[in-house]
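Counting convention: from 1, in listed order, for ligands and their atoms alike. Atom set for the values below is all heavy atoms of this structure, side chains included, hydrogens, waters and symmetry mates excluded.
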Amino acid sequence: MSGNHSPSSGSLTDIDHVGIAVRDLDAAVEWYEKMFGATVAHRERIESDGVDEALIKVADSYIQLLQPYTDTSPLAKYMERNGEGIHHVGYRVDNCDEVLESVKAQGARVVDEHPRTGSRGTTVAFLHPKTSFGTLIELVEE
Ligand code: CO
């Protein structure tokens, strides 16, 4: 036996999705279809983020393809600096508010002070990459 703890993901119950920034959503969807035979499970315009998304289901998780539809979208600004590619990881949690308060209390910098509505009617909150080892983390409560 090594260590005092058995492996546990704690308040993270699953990988909900991997968010990928793309310049042409239709082309990206077509590519996943052609390469892997994967089809879109859900499409949505998320107005609060200024993005169009297409979700491709992989087991119990999703690939979230994201294209900004306006220059004022934070994702558009991100892509000006970083281009296309992996943008964030969405971790599924049972209670977004509870986990958000807990990480804030432990000093994590957050993008969202309070949970808000995400795609598919989920409740979400983002943690700032500055205090999470360079990864933009999204907490997702279904
Ligand atoms: Co996301």
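Residue-environment remark: NZ (K130) stays at or below the threshold of 12 foreign heavy atoms within 6.0 Å. E33 CD: more than 12 foreign heavy atoms inside a 6.0 Å radius.
Residue R120 is tested with E53, E142, E141 for a salt bridge (charged side-chain N to carboxylate O under 4.0 Å, His left out); the sole match is E142.
Annotation: angle subtended at the Co ion (ligand 1) by H17 NE2 and Q64 OE1 is 90°, to 10°.
Inclusion of H88 in the first shell of the Co ion (ligand 1) is supported: an N, O or S atom falls under 2.8 Å. At least one N, O or S atom of E138, from either the backbone or the side chain, sits less than 2.8 Å from the Co ion (ligand 1). Among the backbone and side-chain atoms of S119, none of the N, O or S atoms lies under 2.8 Å from the Co ion (ligand 1).
Ion pairing of R43 with D26 is present here, as a side-chain N (NZ or NE/NH1/NH2) and a carboxylate O approach within less than 4.0 Å.
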